[in-house]
Protein chains: 4
Amino acid sequence: MPKPRYRRRKEDRPAEITEAAMEAFAEKGYDATRVDDVARRAGVSKGLLYLYFRTKEELFKAVIRSFVSPKVTELQDMVQTSELSAEAFLRGPFLAFAQQLPRSPAAILVRLMIAEGPKHPDLTAYYWENVASHGLAALSQVIRRGVANGEFRPSALDDFPQLLVTPVLFSVLWLTVFQQHRRLDTDRMIEAHIDLVLRAIRADGKDKRI
Amino acid sequence: MPKPRYRRRKEDRPAEITEAAMEAFAEKGYDATRVDDVARRAGVSKGLLYLYFRTKEELFKAVIRSFVSPKVTELQDMVQTSELSAEAFLRGPFLAFAQQLPRSPAAILVRLMIAEGPKHPDLTAYYWENVASHGLAALSQVIRRGVANGEFRPSALDDFPQLLVTPVLFSVLWLTVFQQHRRLDTDRMIEAHIDLVLRAIRADGKDKRI
Amino acid sequence: MPKPRYRRRKEDRPAEITEAAMEAFAEKGYDATRVDDVARRAGVSKGLLYLYFRTKEELFKAVIRSFVSPKVTELQDMVQTSELSAEAFLRGPFLAFAQQLPRSPAAILVRLMIAEGPKHPDLTAYYWENVASHGLAALSQVIRRGVANGEFRPSALDDFPQLLVTPVLFSVLWLTVFQQHRRLDTDRMIEAHIDLVLRAIRADGKDKRI
Amino acid sequence: MPKPRYRRRKEDRPAEITEAAMEAFAEKGYDATRVDDVARRAGVSKGLLYLYFRTKEELFKAVIRSFVSPKVTELQDMVQTSELSAEAFLRGPFLAFAQQLPRSPAAILVRLMIAEGPKHPDLTAYYWENVASHGLAALSQVIRRGVANGEFRPSALDDFPQLLVTPVLFSVLWLTVFQQHRRLDTDRMIEAHIDLVLRAIRADGKDKRI
DNA sequence: TATGAATGAGATTTCATTCAT
DNA sequence: TATGAATGAAATCTCATTCAT
């Protein structure tokens with residue numbers, strides 16, 4: 001059964017290529033990924049790839065767009081529609097979200113951003129504008145809500161909402177670099193982190209140092 | 001004709017090359033760094049560079065080795081020689097150490113490890129063996145000491161000493177990628193993190209929820 | 001979405017494509033012209049273009065054929081139907097013809113012949129057979145007529161009728177290459193040339209400058 | 001006798017490559033010439049070629065520079081050092097110079113200028129500045145000298161010194177395009193042209209044909 | 001007929017590495 | 001040791017041409 005050399009599938013091509021590229025970038029990083037390889041993975045000729053993406057860099061950006069943006073949208077939606085208390089939200093849906101991130105494709109792209117970011121300023125600009133700043137805003141919103149309704153005392157977390165997600169980034173890197181040398185249960189680590197932070201900022205805590 | 005940056009001293013050649021390579025890798029990343037450029041920065045011919053380092057990859061490994069190990073030794077020494085209480089140690093010398101890390105050359109190499117690590121398995125092995133595992137052990141030691149002498153209650157931090165340094169790594173990322181879009185005071189963020197963690201694990205805290 | 005430049009009329013398709021190609025070749029030269037671009041200019045799909053012209057080279061040849069031949073026919077007709085004296089013919093209709101040539105599309109094709117000719121031997125053969133040789137014959141005829149009726153003395157021009165048109169070719173070159181650096185009034189130059197030649201070959205030897 | 005794969009000849013390389021490129025460009029034109037082919041002709045690797053010439057375009061410019069400039073210098077020298085009368089100069093050294101031009105490498109480059117000029121504006125600018133304008137000035141000087149010492153009457157040639165060389169250009173093109181279909185004795189044609197022009201501008205009006 | 005998505009050969013350019021000197 | 005000219009493999013990108021629809 002000879003596979004047809006020639007399939008006409010305009011609709012699906014971009015996604016097919018984007019997914020293949022995702023895999024390849026994840027394995028090798030941007031520079032070391034060969035356009036040829038992406039095309040082969042996508043079952044497509046190099047020429048066709050260039051029909052949809054004008055340069056390798058465009059392709060990279062498209063990958064970022066299609067895999068990372070949805071994650072942030074998801075987080076924003078969660079925050080906006082949740083009717084839980086701030087603490088319940090952080091221990092529940094947010095924790096689940098944070099735990100699965102390091103294993104999702106989006107995480108791999110975080111690695112790529114770190115590696116390739118400095119060489120692609122317009123890409124980091126896009127990433128900040130469309131992804132990171134929204135994520136940060138969502139975290140802020142949760143914390144402010146907790147403070148507003150008396151769950152949390154005012155704390156440095158108000159100024160540094162990033163502190164909620166530092167172990168997520170750490171997990172991404174551990175999984176990529178060290179997991180084969182020392183297994184780390186990132187789910188439990190992230191849970192432990194959230195727990196520690198919540199203990200520290202709970203309003204009912206008698207701990208009032210400073 | 002650019003003057004060679006380093007005087008000719010036979011014995012120091014490898015170190016001179018290693019330093020030049022460090023600079024270059026820091027600026028451009030591994031792939032984008034040209035061996036030619038490293039040689040020029042070191043004031044040495046390409047041929048000579050290849051006399052000391054058999055490949056570009058060898059050179060990269062040498063750079064990692066010579067710049068990261070000292071940092072971990074420093075941390076280990078601090079932990080071993082300090083006579084402060086655990087909390088005082090974390091709020092004092094350790095905090096200072098953690099705060100300067102994101103701006104030190106070592107941090108840049110962390111970025112490179114993230115980017116290139118997966119392509120150099122023997123390098124990550126070396127890195128784990130000689131750097132990360134020792135750092136982790138040092139952190140554990142501090143926490144255990146605090147628990148042992150009654151400063152800290154037993155907590156998840158015992159199992160995940162990494163949680164002490166997640167914001168350091170996060171800072172490295174932020175400085176490289178987002179700093180130009182949104183300034184972040186990493187010193188204060190790291191301090192805030194240590195403070196939150198300590199509040200959460202203090203033995204005297206009235207907060208006893210589990 | 002750019003509107004197609006030509007209405008769909010089945011019969012004229014080849015001509016429409018040929019004209020679009022003419023424009024494109026004139027602007028960019030043979031190699032730099034994209035078949036895609038020609039098709040777009042003609043308001044036709046690439047596939048259809050290949051239905052009429054089997055290769056890019058065939059298309060090029062068709063362009064040459066359809067735009068150059070008319071010019072030579074025009075010259076031949078002028079020569080054959082004119083009832084002027086040889087000198088009056090050269091100073092009148094012929095001069096006018098020669099003056100407009102460098103700015104006509106045909107001139108652009110002359111440039112293309114020069115550039116691409118050596119790569120297309122059958123094309124230059126066609127060009128010689130159907131264009132150049134006829135033009136040369138027409139020039140000869142005029143000169144012979146002048147000699148026969150006593151206007152001109154026998155001269156080297158009899159052997160080299162080309163000498164009547166060398167400044168036309170020169171003008172084509174100048175307009176393409178140097179006009180922006182130094183303006184040249186090609187009309188006056190061509191007229192001056194004809195005048196000089198006529199003075200040199202006049203039978204009566206008297207100076208009849210006007 | 002195995003040819004050495006590796007010869008160190010820094011001095012001669014640029015000239016060797018330039019000559020090989022000259023040949024290749026002459027045969028195929030700019031676009032159709034493959035850098036690979038130039039390298040092979042020069043007996044050199046592609047990489048080395050790029051060590052001396054940063055792009056194909058740079059190489060092309062170098063070819064123009066090294067082959068055409070000398071010709072114009074030669075003409076200028078002839079004009080300045082000659083002590084002949086204007087007519088004797090034109091019939092003697094100048095004629096000889098003009099006759100050999102169409103067969104010299106410089107001529108081929110004229111063809112290339114026509115073909116590629118429009119795509120390389122900076123090249124034509126260079127060509128005008130360093131070659132054509134000087135040639136034109138030299139021609140003007142000769143004519144003015146003839147008028148000044150009473151040999152020539154004032155004529156349109158004063159305004160269009162180009163008319164002295166139009167058959168040279170014509171010869172270049174005939175040789176490239178039509179010579180195989182109809183032989184043209186360009187030496188005699190150029191001589192005839194000079195003769196015609198001189199007859200037309202002689203101050204004494206008498207026919208001095210030789 | 002008519003389309004334009006898809007192909008694949010090949011072009012320019014780069015760069016780690018080698019090796020004559 | 002020391003140099004840097006020279007190599008050659010490979011990477012990105014282009015485009016004439018084909019062919020399923």
Side-chain angles (χ1 to χ4, degrees), chain A residues 4-14 17 31-39 42-59, chain B residues 8 10 13 30-40 43-60, chain C residues 8 10 13 31-40 43-59, chain D residues 4-14 17 31-39 42-59:
Chain A
R5 265 194 355 195
Y6 206 101
R7 297 173 308 157
R8 212 187 173 81
R9 293 239 306 283
K10 193 188 180 179
E11 312 299 296
D12 307 339
R13 290 306 195 200
I17 294 169
D31 282 298
T33 291
R34 305 299 155 218
V35 173
D36 234 344
D37 183 35
V38 173
V44 142
S45 72
K46 235 190 317 182
L48 185 59
L49 188 156
Y50 276 93
L51 206 64
Y52 290 105
F53 305 94
R54 288 208 328 280
T55 62
K56 188 185 178 185
E57 190 176 330
E58 281 302 320
L59 174 59
Chain B
R8 306 293 168 99
K10 265 187 186 178
R13 281 282 173 66
Y30 179 79
D31 281 293
T33 291
R34 307 292 157 231
V35 173
D36 240 336
D37 183 33
V38 173
R40 207 168 18 253
V44 141
S45 76
K46 235 192 313 186
L48 189 55
L49 188 155
Y50 271 91
L51 214 60
Y52 289 109
F53 304 93
R54 288 207 332 280
T55 65
K56 188 186 181 185
E57 192 176 330
E58 283 303 320
L59 174 61
F60 179 58
Chain C
R8 306 293 168 100
K10 264 189 188 177
R13 279 284 171 66
D31 282 293
T33 292
R34 307 291 156 229
V35 173
D36 239 336
D37 183 34
V38 173
R40 205 165 23 248
V44 141
S45 75
K46 233 190 317 185
L48 188 54
L49 187 155
Y50 271 91
L51 215 59
Y52 289 109
F53 304 94
R54 288 207 331 280
T55 65
K56 188 186 180 183
E57 191 176 332
E58 284 302 320
L59 174 60
Chain D
R5 268 193 353 195
Y6 207 100
R7 295 174 309 154
R8 212 187 173 81
R9 294 238 309 281
K10 192 188 181 181
E11 313 298 298
D12 308 339
R13 290 304 194 202
I17 294 170
D31 282 298
T33 291
R34 306 298 156 219
V35 173
D36 233 345
D37 183 34
V38 173
V44 142
S45 73
K46 240 187 312 181
L48 185 59
L49 190 156
Y50 275 92
L51 206 63
Y52 289 105
F53 305 95
R54 289 208 328 279
T55 63
K56 189 186 179 186
E57 191 176 329
E58 281 301 321
L59 174 60

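In what follows, every chain begins at residue 1, and chains take the letters A, B, ... in the order their sequences are listed.
- One interatomic measurement links the two molecules: OH of B/Y30 to C1' of E/dC15, which rounds to 12 Å at whole-angstrom precision.
- A/R54 and A/E58 make their closest contact through N-CB, 4.1 Å (heavy atoms, listed as atom of the first residue, atom of the second, distance).
- OP1 or OP2 of E/dT17 sits under 4.0 Å from a side-chain N or O of B/Y50.
- Distance CG (B/L49) to P (E/dC15): 16 Å, rounded to an integer number of Å.
- Rounded to whole Å, the distance from CG on A/D36 to P on E/dG10 is 15 Å.
- Whole-Å rounding puts the D/K56 NZ to E/dT13 P distance at 8 Å.
- Annotation: side chain of B/Y30 is in contact with side chain of B/E57 (closest heavy-atom distance under 4.5 Å).
- With DNA chain E read from its 5' end, the first of the two nearest nucleotides for C/L48 and B/T55 is the one closest to C/L48.
- For the pair D/L49 and D/A39, the tightest heavy-atom approach, listed with the atom from each and the gap, is CD1-N, 4.0 Å.
- One finds no side-chain N or O of B/R13 lying less than 4.0 angstrom from the OP1 or OP2 phosphate oxygen of F/dT1.
- One atom, CG of C/D37, and another, C1' of F/dA16, lie 14 Å apart when rounded to the nearest Å.
- Here E/dA5 presents its P atom at 12 Å from CD1 of A/I17, a figure rounded to the nearest Å.
- Closest heavy-atom contact between A/F53 and A/P14: CZ-O, 4.1 Å.
- In this structure, A/E57 and D/L51 both approach DNA chain F, and ranking their closest nucleotides by distance from the 5' end singles out D/L51.
- Counting only heavy atoms from C-beta outward, the side chains of C/V35 and C/Y50 approach each other to under 4.5 Å.
- Summarising the geometry, atom OG belonging to B/S45 is positioned 5.0 Å from atom CG belonging to B/L48; distances are rounded to the nearest 0.5 Å.
- Position along DNA chain F of the nearest nucleotide to D/V44 versus A/D31 favours D/V44 as the more 5'-ward residue.
- With P as the reference atom, F/dT21 and E/dT1 are 22 Å apart, rounded to whole Å.
- On a pure distance criterion of 3.5 Å, a polar donor-acceptor pair joins the side chain of D/K46 and the base of E/dT13.
- Regarding contacts with the backbone of F/dA16, a side-chain N or O of C/R34 is found under 4.0 angstrom from either OP1 or OP2.
- In this structure, A/D31 CG and A/K56 NZ are separated by 5.5 Å, a value rounded to the nearest 0.5 Å.
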Wobble G-U and Watson-Crick pairs count when both distances are under 3.5 Å; given that, what is the 5' to 3' dot-bracket string of DNA chain F, with | for pairing to other strands? .||||||||||||||||||||
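- Toward the 5' end of DNA chain E, the nearer of the two residues C/S45 and D/R54, judged by each one's closest nucleotide, is C/S45.
- Within 4.0 Å of A/Y52, counting heavy atoms only, lie sugar-phosphate atoms of the nucleic acid but no base atom.
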